[in-house]
Protein chains: 2
Amino acid sequence: MNGPGVKRGRPPAFDRTTALAAATRLFWEHGYEATTIGELTRAMDIKPGSLYAAFGDKKSLFKEVVHAYGLSPVGAFIGTALEEERTAHGAFRRILREAAAVYPDPSHPAGCLTISAATNVTVQDADISTFLSDLRNANLAAFETRLTTAQRQGELSAAANPRALAAYFAAIIQGMSQRARDGATATELTETAELALAAWPPAQG
Amino acid sequence: MNGPGVKRGRPPAFDRTTALAAATRLFWEHGYEATTIGELTRAMDIKPGSLYAAFGDKKSLFKEVVHAYGLSPVGAFIGTALEEERTAHGAFRRILREAAAVYPDPSHPAGCLTISAATNVTVQDADISTFLSDLRNANLAAFETRLTTAQRQGELSAAANPRALAAYFAAIIQGMSQRARDGATATELTETAELALAAWPPAQG
DNA sequence: TTCATTCTTGAGTCATCGCTCAAGAAATGG
DNA sequence: CCATTTCTTGAGCGATGACTCAAGAATGAA
């Protein structure tokens, strides 16, 4: 019996993670449909045959990219803040401030991949569009859950509306991503974040 | 000498405004590149030859669509509010509330065409992307101008930052457009608008 | 060495993209 | 009527899209 780690046949000539990172950059920058297989193979430094053998079709590659993105610091900072911060207010303050720093960071394409990579799509790729909008709406639901918890724990005023607050923060985050893609600086986005936090409801009244 | 209104030759079989409206719907819904000439000719009920004779190439048609959109109620409500409202606060309050009502209106595609029709674009169509982002940034500049005026007139506190406020409102509006495309209702967006208005700086302090 | 397995390669498939054009049809002017 | 002008039509162009596949190369097992 062979150990499960034993590799047979010709080994891959490329590093899967590195290739995926190259694909991520392209999808992040131009979006799903505007990124061609030709551009992908060139950036990943592999031929079409290898790409399809390793990742399936274009949609599968994209979904794997989105999954990996969600595990990266840039793609996970929202969930991390929701988990790590004790208070909901602290969590959203941290989320907005980190978004302001991360979205315009020149070390990667501007904005959030989940927000901007599949906004313009043909009918036959509508599933890719809903794939991302489902992720965004899941984020919205997580916001609402966190805010409802805060309200039950007394942090958030009983007069506050968790669902409305969640939608508001979702909108601000998506807007900040778009502004980053339009050239907004970290300074501008930080100011936007601070202004946005003014909407946080006053303590129990 | 012939009068300038005299038409010669075979008259067009389609109404230009109607055809443009059909093209607008498609670009609005799917974006620039994801809308094909085939879909356009079918929706406009004309053949490719007529389309190219009447509108030039695809980019020219798109720019004409954007221009017409900017003159329509949906595309002009921001500029209208900035002009008609006496106070800056009244203007932005009206802009956000109208956006909340207009963006999810089911009588047309969701969100704002200028915001969402060219976010995912190939390199050869990068000019279309910047064409729209220039419009968005021009809007941002108009916001700042209005707020600076309000500050000079004493409506806005001297401690306020017109540029930061302008960027904040631009982000909120773009975020509301995206949320509308993700299925947000007018009710949700109205709540978002009201929360966003809480960022308006208190009177002179 | 030989076999089986896995990956690479380059040529190529089919569909669709934006776009063009010659020929015909519908109007006006003489 | 004919000539001129303008628009419509249907066929089709070259380029490019996603994707495939047979043949060769590199590995471990026997």
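Reckoned from all heavy atoms, side chains included, excluding hydrogens, waters and symmetry mates.
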Whole angstrom value for the distance that separates [atom2] of [N] from [atom1] of [X]:
X: B:D45; N: D:dG10; atom1: CG; atom2: P; result: 12 Å
X: B:N120; N: D:dG17; atom1: CG; atom2: P; result: 16 Å
X: B:K58; N: C:dT16; atom1: NZ; atom2: P; result: 16 Å
X: B:F55; N: C:dT20; atom1: CZ; atom2: C1'; result: 18 Å
X: B:E39; N: C:dG18; atom1: CD; atom2: C1'; result: 13 Å
X: A:F14; N: D:dA26; atom1: CZ; atom2: P; result: 17 Å
X: A:D57; N: D:dT20; atom1: CG; atom2: C1'; result: 13 Å
X: A:M44; N: C:dC7; atom1: CE; atom2: P; result: 14 Å

Contact class for A:A53 vs. all strands (heavy atom < 4.0 Å): base, sugar-phosphate, or nothing?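 No contact.
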Taking any heavy-atom pair under 4.0 Å as a contact, classify A:P48: base, sugar-phosphate, or nothing.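 Here A:P48 touches the bases of the nucleic acid.
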Is it the case that the ring center of A:F62 lies less than 6.0 angstrom away from the ring center of A:Y32?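 Close enough - the centres of the two rings lie under 6.0 Å apart.
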Compute the ring centroids of B:F143 and B:F169, then answer whether they are less than 6.0 Å apart.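 No, they do not, as the ring centres are separated by 6.0 Å or more.
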Is the shortest distance from a Lys or Arg side-chain nitrogen in [X] or [Y] to a carboxylate oxygen in the other one below 4.0 Å?
X: A:E84; Y: A:R94; answer: yes
X: B:R97; Y: B:E194; answer: yes
X: A:E64; Y: A:R16; answer: yes

Under 4.0 Å from OP1 or OP2 of [N]: is there any side-chain N or O of [X] that close?
X: A:S50; N: C:dT8; result: yes
X: A:K47; N: C:dT8; result: no
X: B:Y52; N: C:dT20; result: no

Has the side chain of B:R179 got a donor or acceptor atom that lies under 3.5 Å from a matching backbone atom of A:A167?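 Not at all, since once roles are kept as given, no pair shorter than 3.5 Å links the two residues.
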Taking A:I115's backbone N and O only, do any of them form a donor-acceptor pair with A:S177's side chain (distance below 3.5 Å, no angle check)?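 No; zero donor-acceptor contacts below 3.5 Å.
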Residues from residues 28-38 of chain B sitting under 4.0 Å of DNA chain C, heavy atoms only?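 Those residues are B:T35, B:T36, B:I37.
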Shortest non-hydrogen contact between A:S129 and A:V121, atoms and distance: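 In terms of heavy atoms, the two residues are closest at CB-CG2, 4.2 Å.
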Applying side-chain contact (heavy atoms from CB on, under 4.5 Å), can you list everything that pairs with B:R10, at least two apart in sequence or on another chain?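 Residues passing side-chain contact (heavy atoms from CB on, under 4.5 Å) with B:R10: none at all.
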What nitrogen or oxygen pairs link the protein and nucleotides 24-27 of chain C at under 3.5 Å?
| residue | atom | partner | partner atom | Å |
| --- | --- | --- | --- | --- |
| C:dG24 | N2 | B:R10 | NH1 | 3.3 |
| C:dA25 | N3 | B:R10 | NH1 | 3.2 |

